[in-house]
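Note: hydrogens, waters and symmetry copies are ignored here, and every other heavy atom, side chains too, is used. Just so it is clear: chains get the letters A, B, ... in the order the sequence lines come, proteins before strands, and each one is counted from 1.
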Amino acid sequence: MPELPEVETIVRRLRTELIGHKIESADLLWDRTLVTPKPAHFKKNIVGQSISTVDRRAKYIVISLSVDTLIIHLRMSGDILIREESAPIHKHDRLILHLSDGHYLAFSNMRKFGRAWLTPNPDDVLGKLGPEPLSDHFTAEMLYERLQQHKRQIKPLLLDQNFLAGMGNIYTDEALYLAGLHPLAKSDLIKRKQAQILWRSIRKVLEEGIRRNGTSIDWIYRGGDFQNYLQVYGRKDEPCFKCGRPIQKMMVGQRGTHFCPRCQGNEGAD
DNA sequence: ACGAGCGCCTGTCGGC
DNA sequence: TGCCGACAGGCGCTCG
């Protein structure tokens, strides 16, 4: 489910609900949720620490504690819920943190792909990520140069978190449509001008996604509004808003890929 | 270096 | 109605 805008939306909410509270106890309900440390050490290490900041890096939720950093990746079906202590645990809850303010945090994760790390060295987890697409550090020229360094299909490249950190399947399809670029276009053939347009498109769809509190397609992630503004994702066989021809769907790198064959050029350069 | 295929999981949907 | 395969907001691994 969550890509950068959804994680950002969750992080902003958590920031108002978590900061300053102490972790009184913890329950690990699905051992493989935790990458590190070993389940036996986790409880002992985290209990007693207080939450100082909540941030996002790419699709990771980064929670700074008194001593360690708790990092959570929601993967396909994860969500973070804050509930009153009296509220019952849900079926898909995998990790529970009981807080000092009478609430508990639940890491819900239907498909069990989500992961958590408790570590004194967050860089061990986050260190290899590519640039943050909405930061000032990420410029159009930087994108152009990085595109030249690979000879790869543009869509899988944008999904590669070491190339650019935070894009997922929905926002990548939307950005490529906005930029008029075919999903299979080769990265090294993209001209400087096209890279600028792609850069602007990436920032636009992500900013708009955040402004709309993310995309809510089904019951897994609620509260978002961006699904009402999607141009291609989930619109197979429906008319392109620009040219009226049906949106096509194909598989690219094992991911469903939506595009307009007329507005998004060909597989070559554009 | 690159791309295809698979595994990890649970749930939903469409076709027969 | 029931069964069965395809597919789903992600990512890490192997193999040519």
Side-chain angles (χ1 to χ4, degrees), chain A residues 1-11 29-36 56-61 71-80 90-95 107-117 124-130 133 146-176 183-189 205-206 208-210 212-237 249-258 267:
Chain A
M1 144 228 134
E3 306 181 30
L4 189 154
E6 290 76 36
V7 177
E8 178 66 25
T9 302
I10 291 169
V11 160
L29 305 175
W30 175 256
D31 276 3
R32 297 187 58 186
T33 303
L34 200 56
V35 179
T36 185
R56 177 189 62 73
R57 171 74 171 103
K59 302 175 200 172
Y60 293 83
I61 297 167
I71 300 174
I72 297 175
H73 196 306
L74 303 172
R75 293 277 182 98
M76 287 287 265
S77 60
D79 199 2
I80 306 281
H90 288 210
K91 186 180 177 185
H92 301 304
D93 292 349
R94 311 299 182 197
L95 176 64
F107 179 10
S108 165
N109 196 252
M110 181 186 77
R111 290 175 72 183
K112 299 179 176 173
F113 291 167
R115 292 291 179 264
W117 298 255
D124 291 352
V125 182
L126 309 173
K128 289 182 176 168
L129 287 169
R146 291 172 72 87
L147 288 172
Q148 303 312 301
Q149 289 164 14
H150 300 274
K151 297 184 184 201
R152 288 181 61 182
Q153 301 166 341
I154 184 65
K155 170 157 180 182
L157 186 56
L158 292 178
L159 287 174
D160 183 338
Q161 301 297 300
N162 297 326
F163 179 80
L164 184 62
M167 296 293 283
N169 205 38
I170 294 178
Y171 293 90
T172 300
D173 280 4
E174 294 297 310
L176 289 173
L184 295 177
K186 290 286 194 261
S187 61
D188 58 320
L189 299 181
V205 294
L206 292 178
E208 190 67 6
I210 292 171
R212 303 285 175 190
N213 298 314
T215 304
S216 296
I217 290 172
D218 57 28
W219 55 276
I220 292 172
Y221 176 84
R222 285 165 245 202
D225 203 22
F226 195 62
Q227 66 277 10
N228 299 319
Y229 301 88
L230 296 175
Q231 305 292 298
V232 284
Y233 186 87
R235 298 196 63 245
K236 174 176 150 65
D237 296 333
K249 185 178 179 189
M250 65 176 173
M251 290 306 259
V252 177
Q254 327 295 119
R255 312 299 301 276
T257 297
H258 312 73
E267 301 179 22

A:Asp79 atom CG is separated from C:dA8 atom P, nearest whole Å, by 21 Å

In whole Å, what separates the P atom of B:dG5 from that of C:dA6? 14 Å

Hey, does the side chain of A:Glu6 reach the backbone of A:Thr215 with a donor-acceptor pair shorter than 3.5 angstrom? yes

Determine the contact category for A:Asn109: base if any of its heavy atoms lies under 4.0 Å from a base atom, sugar-phosphate if only primed atoms, P, OP1 or OP2 are that close, otherwise nothing. nothing

For DNA chain B, what string of dots and brackets results from 5' to 3' when Watson-Crick and G-U pairs need both distances under 3.5 Å, crossing pairs get [ ], and pairs with another strand get |? .|||||||.|||||||

Length of the CD1-P vector between A:Ile72 and C:dG10, whole Å: 18 Å

With a 4.5 Å cut-off on side-chain heavy atoms, are A:Thr9 and A:Tyr221 touching? yes

Applying the side chain to side chain contact (heavy atoms under 4.5 Å, CB included) criterion to A:Ile80, which one of A:Ile61, A:Val7, A:Asn109 satisfies it? A:Ile61

Between C:dA6 (C1') and A:Lys236 (NZ): distance, integer Å: 13 Å

Counting only N and O atoms by type, is there a donor-acceptor contact under 3.5 Å from the side chain of A:Glu208 to the main-chain atoms of A:Val205? no

Answer whether the closest heavy-atom distance between the side chains of A:Leu158 and A:Tyr171 falls below 4.5 Å. no

Annotated protein contacts, base or backbone, on nucleotides 11-16 of chain C with a non-hydrogen cut-off under 4.0 Å, one of B, S, - each: S-----

Pairwise P distance, C:dG5 and B:dC6 [rounded to whole Å]: 15 Å

For atom CG of A:Asp218 and atom P of C:dC7, their distance in whole Å: 17 Å

Nearest-Å distance, OH (A:Tyr221) to C1' (C:dG10)? 17 Å

Check: A:Arg146 side chain, A:Phe163 main-chain N or O, donor-acceptor pair, under 3.5 Å: yes

Carboxylate-amine/guanidinium contact A:Lys155 A:Asp173, below 4.0 Å: yes

Main chain of A:Val252, side chain of A:Gln153: is a donor-acceptor contact present, judged purely on distance under 3.5 Å? no

Validation row: A:Leu4, A:Ile210 side chains within 4.5 angstrom (heavy atoms): yes

Hey, does the side chain of A:Glu3 reach the backbone of A:Gly166 with a donor-acceptor pair shorter than 3.5 angstrom? no

May I have the distance from A:Phe163 (atom CZ) to B:dC2 (atom P), rounded to whole angstrom? 10 Å

Check the distance between C:dG10's P and A:Arg57's CZ and give it to me in whole angstrom. 17 Å

Give a yes or no on whether the backbone of A:Ala58 and the side-chain of A:Arg56 come within a donor-acceptor separation of less than 3.5 Å. yes

Do A:His92 and A:Ser77 have side chains that approach each other closer than 4.5 Å (heavy atoms only, starting at C-beta)? no

Expected string for nucleotides 9-16 of chain B under the B/S/- scheme (protein heavy atoms, under 4.0 Å, primed atoms plus P, OP1, OP2 as sugar-phosphate) is BBS-----

Within less than 4.0 Å of OP1 or OP2 of C:dA8, is there a side-chain N or O belonging to A:Lys249? yes

Contact class for A:Gly256 (heavy atom, under 4.0 Å): base, sugar-phosphate, or nothing? sugar-phosphate

